[in-house]
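Below you will find the structure I want to go over with you.
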Amino acid sequence: MLLIFKYSLLFFGELFYILKFYKYSLHCYQLVYDNDPNDLECLEKMISCCGYLGNYDLVIKYSNRYLEIDENNFNVYYYKAQALFIFEKYDDALKYYDMALNIDPDNVFGLMGKADVLFKLGESNLFLECSQKILSRNPHNFHILYKISNLYFKKNELDLALNYVNDCLDIENKNFHALFLKSKILAKQNLLDDSLHVLNTLIYYYPKNIDALFFKTLVLMDMGDFFEAKRCVDYILKLDGDFEDALEIKHILEEH
């Protein structure tokens with residue numbers, strides 16, 4: 001390949017990559033790599049492009065090819081671990097996140113990936129240990145704070161769950177998932193007025209979310225406010241007349 005042609009392809013490959021035209025970027029880097037299989041910079045860019053394009057089989061294929069030549073690249077281990085996670089091969093994903101972190105132990109993205117795998121595997125203590133490493137470097141990491149809150153909620157450690165979800169809402173006060181989780185924590189603590197207040201805030205931001213509306217119906221029923229519960233379930237059925245749980249609740253409410 002003529003050098004001027006190679007550098008033109010590399011230039012456009014990088015330009016398309018910056019512009020997020022990953023399909024065209026991949027094509028440019030592929031042409032260079034096909035003529036020089038030892039060009040690891042091109043191969044790494046190809047792996048990255050495939051990840052953005054959702055071609056995870058190719059991410060694994062090209063990562064394996066790369067690691068046969070160079071076993072000391074954090075990014076390649078990380079890309080492969082992400083692809084394995086997408087394919088729900090959690091044990092293998094954990095292995096490659098660990099390999100990445102052996103190279104760069106303080107990398108927050110690697111730690112976050114590992115934390116996600118440990119969460120999926122149900123390794124609560126290891127997940128919390130990994131999460132604390134992340135929070136020591138980035139105490140406002142919403143993703144990790146939310147997962148910790150969710151974990152404590154499932155373990156019925158409700159005060160801790162509430163503390164962490166409040167930390168989430170200090171960062172993103174309109175986040176649907178954090179508001180919904182907070183309403184469920186408060187309801188489980190039997191703080192129904194507080195739960196309803198959070199739900200009303202949530203529904204103000206997301207007025208047609210059926211999950212939030214249905215949970216509000218259940219809270220109203222627990223409070224004995226069957227009139228408002230009927231109004232709420234009627235609104236749900238206007239949005240989705242085939243929602244089976246709402247139809248069942250409507251039948252129960254008609255007895256009151």
- [ ] Rounded to the nearest 0.5 Å, what's the gap from CG on Leu84 to CG on Leu94? Could you check?
- [x]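 One finds 11.0 Å between CG of Leu84 and CG of Leu94.
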Open item on the list: Test of understanding: clusters of I, L, V, M, F, W, Y form through side-chain heavy atoms closer than 4.5 Å, transitively. Do Phe227 and Val233 belong to the same one?
Closed with: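 No: no chain of side-chain contacts under 4.5 Å links Phe227 to Val233.
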TODO: Could you tell me the separation between the CG atom of Asp70 and the CG atom of Asn38, rounded to the nearest 0.5 Å?
DONE: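 These two atoms lie 12.0 Å from each other.
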TODO: Might you confirm whether atom CG of Asp242 has over 12 heavy atoms from other residues, nucleotides or ligands at distances under 6.0 Å?
DONE: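 Atom CG in Asp242 is not crowded, with 12 or fewer foreign heavy atoms closer than 6.0 Å.
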TODO: Scan residues 104-138 for pairs that pass ring pair (Phe, Tyr, Trp, His ring centres under 6.0 Å), counting only residues two or more places apart or in two chains.
DONE: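 Pairs touching residues 104-138 that pass the test: Phe119-Phe127.
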- [ ] In sequence, state the C-alpha distance, the side-chain angles, and the governing distance for Asn200 and Lys216, and then conclude on side-chain contact (heavy atoms from CB on, under 4.5 Å).
- [x] CA-CA 8 Å; Asn200 285 335; Lys216 178 180 177 179; 2.9 Å; yes
Open item on the list: Within the 4.5 Å heavy-atom criterion, are His140 and Asn138 side-chain neighbours or not?
Closed with: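 Answer yes - side chains close enough.
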- [ ] Taking all heavy atoms of Glu71 and all of Tyr77, pick out the closest pair and write down the distance.
- [x]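 Taking Glu71 first and Tyr77 second, the nearest heavy atoms are O-OH, 3.0 Å.
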TODO: Kindly give the heavy-atom pair with the smallest separation between Tyr79 and Val59, and that separation in Å.
DONE: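 Residues Tyr79 and Val59, closest heavy atoms: O-CG1, 3.5 Å.
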Open item on the list: side-chain contact (heavy atoms from CB on, under 4.5 Å), that's the test. Do Asn55 and Asp57 meet it? Break it down for me.
Closed with: CA-CA 6 Å; Asn55 296 331; Asp57 285 319; over 6 Å; no
- [ ] May I ask you to check whether over 12 heavy atoms, not counting those of Tyr90, lie within 6.0 Å of atom OH?
- [x]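 Yes, the 6.0 Å shell around OH holds more than 12 heavy atoms from other groups.
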Open item on the list: Please give me the minimum heavy-atom distance between Val165 and Lys182, naming the atom from each residue.
Closed with: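 Minimum heavy-atom contact is CG1-CB, 3.9 Å.
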Task: Spatial distance of atom OG (Ser63) from atom CD1 (Ile47) [nearest 0.5 Å] - done: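 Ser63 atom OG to Ile47 atom CD1 measures 4.0 Å (nearest 0.5 Å).
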- [ ] For Phe87, check ring pair (Phe, Tyr, Trp, His ring centres under 6.0 Å) against everything at least two apart and list the hits.
- [x]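 Partners of Phe87 by the ring pair (Phe, Tyr, Trp, His ring centres under 6.0 Å) criterion come out as none, since no residue qualifies.
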Task: Heavy-atom side-chain contact between Phe85 and Lys114 under 4.5 Å - done: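 Side chain of Phe85 against side chain of Lys114, heavy atoms only: no contact under 4.5 Å found.
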Open item on the list: Could you check whether Lys184 makes a cation-pi contact with Phe180, meaning its NZ or CZ is under 6.0 Å from the centre of the six-membered ring and within 45° of the ring axis?
Closed with: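 Ring-cation test returns yes.
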- [ ] Give the cluster check for Phe21 versus Leu10: same hydrophobic cluster or not, with ILVMFWY residues linked at side-chain heavy-atom distances below 4.5 Å.
- [x]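 No.
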Open item on the list: On a heavy-atom basis, which atom in Ser195 and which in Ser183 lie closest, and how many Å separate them?
Closed with: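 The pair with the smallest heavy-atom distance is OG-O, 2.7 Å.
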- [ ] Give every residue pair that meets the ring pair (Phe, Tyr, Trp, His ring centres under 6.0 Å) criterion with at least one member in residues 49-76, sequence neighbours excluded.
- [x]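 Counting only pairs at least two positions apart or across chains, the ring pair (Phe, Tyr, Trp, His ring centres under 6.0 Å) contacts touching residues 49-76 are Tyr22-Tyr52, Phe74-Tyr78.
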Task: Glu14, Glu44, Glu41 screened by side chain to side chain donor-acceptor pair (under 3.5 Å) with Tyr29, the one that passes - done: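 The passing option is Glu14.
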- [ ] In sequence, state the C-alpha distance, the side-chain angles, and the governing distance for Leu169 and Lys174, and then conclude on side-chain contact (heavy atoms from CB on, under 4.5 Å).
- [x] CA-CA 7 Å; Leu169 291 167; Lys174 298 179 183 178; over 6 Å; no
Task: Within one Ile-Leu-Val-Met-Phe-Trp-Tyr cluster: Tyr24 and Leu26, side-chain cutoff 4.5 Å - done: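 Unlinked, Tyr24 and Leu26 end up in two clusters.
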- [ ] Look up atom CG in Asn64 and atom CD1 in Ile69, then write down how far apart they are to the nearest 0.5 Å.
- [x]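 Rounded to the nearest 0.5 Å, the CG-CD1 separation comes to 11.5 Å.
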Task: Audit row: Leu253, Met221, side-chain contact (heavy atoms from CB on, under 4.5 Å) steps and yes/no - done: CA-CA 9 Å; Leu253 287 169; Met221 289 174 68; 3.9 Å; yes
Open item on the list: Contact between Leu162 and Leu158 at the side-chain level, heavy atoms closer than 4.5 Å - yes or no?
Closed with: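 In short, these two side chains do not touch, never coming nearer than 4.5 Å.
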Task: Polar contact flag, side-chain donor to acceptor under 3.5 angstrom, Gln189-Asp194 - done: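 The criterion, which ignores hydrogens and geometry beyond distance, is not satisfied for Asp194 and Gln189.
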- [ ] Find the distance between OG (Ser131) and CD (Glu129) and round it off to the nearest 0.5 Å.
- [x]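 Nearest 0.5 Å value for the OG-CD distance: 10.0 Å.
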TODO: Return the minimal non-hydrogen interatomic distance between Lys6 and Asp36, and the atom names on each side.
DONE: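 Between these two residues, the closest heavy atoms are NZ-OD2, 3.8 Å.
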Side chains of residues 142-155: which donor-acceptor partners sit under 3.5 Å, not counting sequence neighbours?
residue	atom	partner	partner atom	Å
His143	NE2	Asp116	OD1	2.8
His143	NE2	Asp116	OD2	3.3
Ser149	OG	Ala161	O	2.7

TODO: Verify the cluster assignment for Leu247 and Leu213: are they in a single hydrophobic cluster under the rule of side-chain heavy atoms below 4.5 Å apart?
DONE: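 No; tracing contacts between hydrophobic side chains, which count when under 4.5 Å, never links both residues.
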Open item on the list: Looking at Lys120 and Glu88, is any side-chain nitrogen of the basic one under 4.0 Å from a carboxylate oxygen of the acidic one?
Closed with: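 So Glu88 does not pair with Lys120 through a salt bridge.
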Open item on the list: Under 4.5 Å between side-chain heavy atoms, counting indirect links through other Ile/Leu/Val/Met/Phe/Trp/Tyr residues: same cluster for Met46 and Leu58 or not?
Closed with: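 Yes, same cluster.
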TODO: Answer yes or no: does atom CD of Glu248 have more than 12 heavy-atom neighbours from other residues, nucleotides or ligands under 6.0 Å?
DONE: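 Atom CD in Glu248 is not packed in, count stays at 12 or less.
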Task: Test ring pair (Phe, Tyr, Trp, His ring centres under 6.0 Å) applied to Tyr33 - qualifying residues, sequence neighbours left out - done: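 Not a single residue meets the ring pair (Phe, Tyr, Trp, His ring centres under 6.0 Å) criterion with Tyr33.
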Task: Atom pair CG/CG of Asn166 and Asn173 - distance to nearest 0.5 Å - done: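 CG of Asn173 is found 12.0 Å from CG of Asn166.
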- [ ] State which residues pass side-chain contact (heavy atoms from CB on, under 4.5 Å) with Glu228; sequence neighbours excluded, sorted by chain then number.
- [x]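 Per chain and number, Glu228 pairs via side-chain contact (heavy atoms from CB on, under 4.5 Å) with Leu220, Asp225, Arg231.
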Open item on the list: Restricting to non-hydrogen atoms, name the atom on Leu186 and the atom on Val198 that form the minimum distance, rounded to 0.1 Å.
Closed with: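 Scanning both residues completely, I find the closest heavy atoms to be CD1-CG2, 3.7 Å.
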